[in-house]
Number of protein chains: 2
Amino acid sequence: MSAGDRLRVALVEDDRRTREAFRVLIDGSPGFACVAAYGSLEEALHVPPHEPPDVVLLDIKLPGMWGSEGVDLVAKRFVGSKVLMLTAFEDESRIVESLCKGAAGYILKDTPPARLLEYIREAASGGAPMSPEVARKVVALFSTLAVPQRLDCEVKPQEARLLALLADGYGYQGAAEEMGVSVNTVRSYVRSIYEKLQVHSKSEAVSKALRAGLI
Amino acid sequence: MSAGDRLRVALVEDDRRTREAFRVLIDGSPGFACVAAYGSLEEALHVPPHEPPDVVLLDIKLPGMWGSEGVDLVAKRFVGSKVLMLTAFEDESRIVESLCKGAAGYILKDTPPARLLEYIREAASGGAPMSPEVARKVVALFSTLAVPQRLDCEVKPQEARLLALLADGYGYQGAAEEMGVSVNTVRSYVRSIYEKLQVHSKSEAVSKALRAGLI
DNA sequence: CCAGGGTTAGCATGTTCATGCGGCGCGAGC
DNA sequence: GCTCGCGCCGCATGAACATGCTAACCCTGG
């Protein structure tokens with residue numbers, strides 16, 4: 001029963017048969033122990049396992065809160081545990097949501113058992129396991145993004161800070177107070193920013209700066 | 001000499017010894033053929049191989065233009081070829097740059113030969129091979145991003161279009177002309193946007209919209 | 001020492017914006 | 001029908017902004 005020095009795994013999966021199958025697989029594999037198996041996120045969050053898991057396998061499609069929505073909650077509840085999405089769901093927005101919320105990796109349910117155990121180990125040791133299909137989607141996602149510009153070399157720290165303030169809705173006066181300089185100085189900064197970014201308004205500047213990753 | 005039905009690989013790598021080592025590895029592996037080996041990106045772009053490669057292995061640190069900068073050029077020159085970064089460079093911005101410019105994958109030079117060949121095959125078949133370290137960096141990158149908001153359901157197409165115009169530096173007047181409505185209508189839209197986004201200035205609205213992925 | 005460049009600052013002017021108020025037409029539903 | 005919401009339009013006012021001109025202050029290099 002005890003996990004001993006084995007890798008502790010918790011499981012969140014609504015389908016009973018699948019859950020039991022995974023539990024059997026994990027418990028039956030040397031070096032692995034299934035310390036908990038939940039049918040929903042809510043259950044997992046309210047009934048913590050006796051032993052803190054090294055890895056939480058989290059299904060996406062769950063009754064109640066979806067797995068991709070609750071990654072951050074799980075991470076906060078199980079401090080030190082890695083969250084590994086394990087799902088049939090290949091939806092891009094779910095992948096993004098999961099990863100943004102701190103999932104360590106994202107693997108598909110049709111992964112062969114041996115591979116799955118490898119992935120779990122990889123996640124536990126700080127890696128980022130992804131099924132090939134998922135990796136492809138992630139990489140494809142990047143190529144739809146603009147290449148981060150390298151005009152940051154031009155922009156000085158103070159100007160970047162000002163840009164951040166402007167993006168947060170500050171006006172000249174507010175930004176000036178926040179930065180401890182006079183309004184007129186802010187005007188100067190803005191002027192210089194406009195020249196460097198080749199723009200003529202706050203909003204355009206903020207837009208370019210955000211897209212260039214300066215903020 | 002001929003590639004026959006083997007997987008055609010081109011190589012861009014400035015270090016002579018490394019280049020030859022990879023060439024020998026590839027040519028010596030059944031199912032693989034090295035159809036070209038270049039010492040620089042410029043060379044690769046000006047002297048196309050006799051046979052179009054299936055995969056181009058691209059080093060990052062090259063004399064002249066860096067590999068990560070020229071991924072798109074390679075992709076354009078070698079239509080249909082996958083570009084696979086092969087480098088010791090683990091710099092995050094280089095990874096991002098490469099992937100944004102269309103690299104199919106990103107693997108490290110210390111990859112064992114057998115694994116390397118696997119990766120090449122994976123890239124050729126439309127996959128996205130990544131070394132574990134790279135995958136970890138990519139996933140970590142996501143968790144620094146904000147989770148895409150789902151308030152877009154609130155924002156109507158016209159308002160989104162207006163936001164895009166404002167982000168591009170248009171004023172009320174310009175946006176109105178662009179959209180074929182009166183300035184006052186634009187004011188209405190802006191008002192409604194401000195309410196939905198809970199902001200009080202163009203720049204803040206643009207900032208929130210960009211971060212939420214509405215544009 | 002002085003020249004030149006970057007930083008901070010001030011001021012003035014015309015423009016644009018934020019926001020409160022009101023009005024017209026049109027389709028949905030009572 | 002009639003009202004209600006909503007997309008569209010108009011006006012007005014005080015605030016914020018964009019931009020041109022000027023200048024003190026510090027560096028750093030000649």
Side-chain angles (χ1 to χ4, degrees), chain A residues 146 148-215, chain B residues 93 146-215:
Chain A
Q149 302 301 323
R150 293 190 186 283
L151 27 74
D152 40 2
C153 43
E154 309 274 354
V155 170
K156 280 160 292 190
Q158 285 203 327
E159 298 175 340
R161 169 149 171 67
L162 176 55
L163 273 170
L165 290 173
L166 295 182
D168 282 342
Y170 283 81
Y172 286 8
Q173 190 63 55
E177 285 162 15
E178 200 66 33
M179 299 176 72
V181 296
S182 99
V183 195
N184 297 296
T185 306
V186 169
R187 284 193 226 276
S188 291
Y189 291 170
V190 169
R191 249 186 276 257
S192 137
I193 291 173
Y194 283 6
E195 279 177 21
K196 288 175 187 169
L197 264 55
Q198 287 288 292
V199 297
H200 309 280
S201 78
K202 270 203 313 179
S203 21
E204 199 181 358
V206 164
S207 153
K208 272 209 179 182
L210 274 176
R211 290 201 241 247
L214 303 182
I215 308 182
Chain B
S93 69
V147 182
Q149 302 301 322
R150 293 187 188 284
L151 30 73
D152 39 2
C153 43
E154 309 275 354
V155 169
K156 282 161 288 192
Q158 284 202 328
E159 298 174 341
R161 167 147 173 68
L162 175 54
L163 273 170
L165 290 173
L166 294 181
D168 282 343
Y170 282 81
Y172 286 6
Q173 191 63 56
E177 285 163 15
E178 199 67 33
M179 297 176 73
V181 297
S182 99
V183 195
N184 297 296
T185 306
V186 169
R187 284 193 225 276
S188 290
Y189 291 168
V190 169
R191 250 187 277 256
S192 135
I193 291 173
Y194 283 6
E195 279 177 20
K196 288 174 187 170
L197 265 52
Q198 288 287 292
V199 298
H200 309 279
S201 76
K202 269 202 315 179
S203 23
E204 200 182 357
V206 165
S207 151
K208 272 209 178 182
L210 275 176
R211 291 201 241 246
L214 303 183
I215 310 182

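Each chain gets a letter, A, B and so on, in the order its sequence line appears, and its residues count up from 1.
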At under 4.0 Å between heavy atoms, what does [X] touch on the DNA or RNA strands: base, sugar-phosphate, or nothing?
X        : value
A:Gln173 : nothing
B:Val181 : sugar-phosphate
A:Ser182 : sugar-phosphate

For [N] and [X] - does any side-chain N or O of the residue sit under 4.0 Å from the phosphate oxygens OP1/OP2?
X        : N      : value
B:Tyr189 : D:dG7  : no
A:Tyr194 : D:dT19 : no
A:Asn184 : C:dA9  : no

Which of these nucleotides, [options], is closest to any side-chain atom of [X]?
X        : options                : result
B:Arg191 : C:dC21, D:dC8, C:dC17  : C:dC21
A:Lys202 : D:dA18, D:dC11, C:dT19 : D:dA18
B:Lys156 : D:dG7, D:dC9, D:dT19   : D:dG7
B:Arg187 : C:dA9, D:dC9, C:dT19   : C:dT19

If I take atom [atom1] in residue [X] and atom [atom2] in nucleotide [N], what distance separates them, rounded to the nearest angstrom?
X        : N      : atom1 : atom2 : answer
A:His200 : C:dT16 : NE2   : P     : 13 Å
A:Gln198 : D:dA18 : CD    : P     : 15 Å
A:Leu162 : D:dA16 : CG    : P     : 16 Å
A:Tyr172 : C:dC17 : OH    : P     : 12 Å
B:Glu195 : C:dT19 : CD    : P     : 10 Å
A:Glu204 : C:dT16 : CD    : P     : 15 Å
A:Tyr170 : C:dA18 : OH    : P     : 18 Å
B:Leu166 : C:dA18 : CG    : C1'   : 13 Å

Considering all heavy atoms, the nearest [X]-[Y] contact:
X        : Y        : result
B:Leu197 : B:Lys208 : O-NZ, 3.2 Å
A:Gly171 : A:Lys202 : CA-NZ, 4.4 Å
B:Val206 : A:Ser207 : CG1-CB, 3.8 Å
B:Ala209 : B:Leu163 : CB-CD1, 3.8 Å
B:Glu204 : B:His200 : OE1-N, 3.6 Å

Under-3.5 Å donor-acceptor pair between A:Thr185 side chain and C:dA9 base:
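Not at all, since no donor on one side and acceptor on the other fall under 3.5 Å apart.
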Can you say whether a donor on the side chain of A:Ser201 sits under 3.5 Å from an acceptor on the base of D:dC17, or the other way round?
no
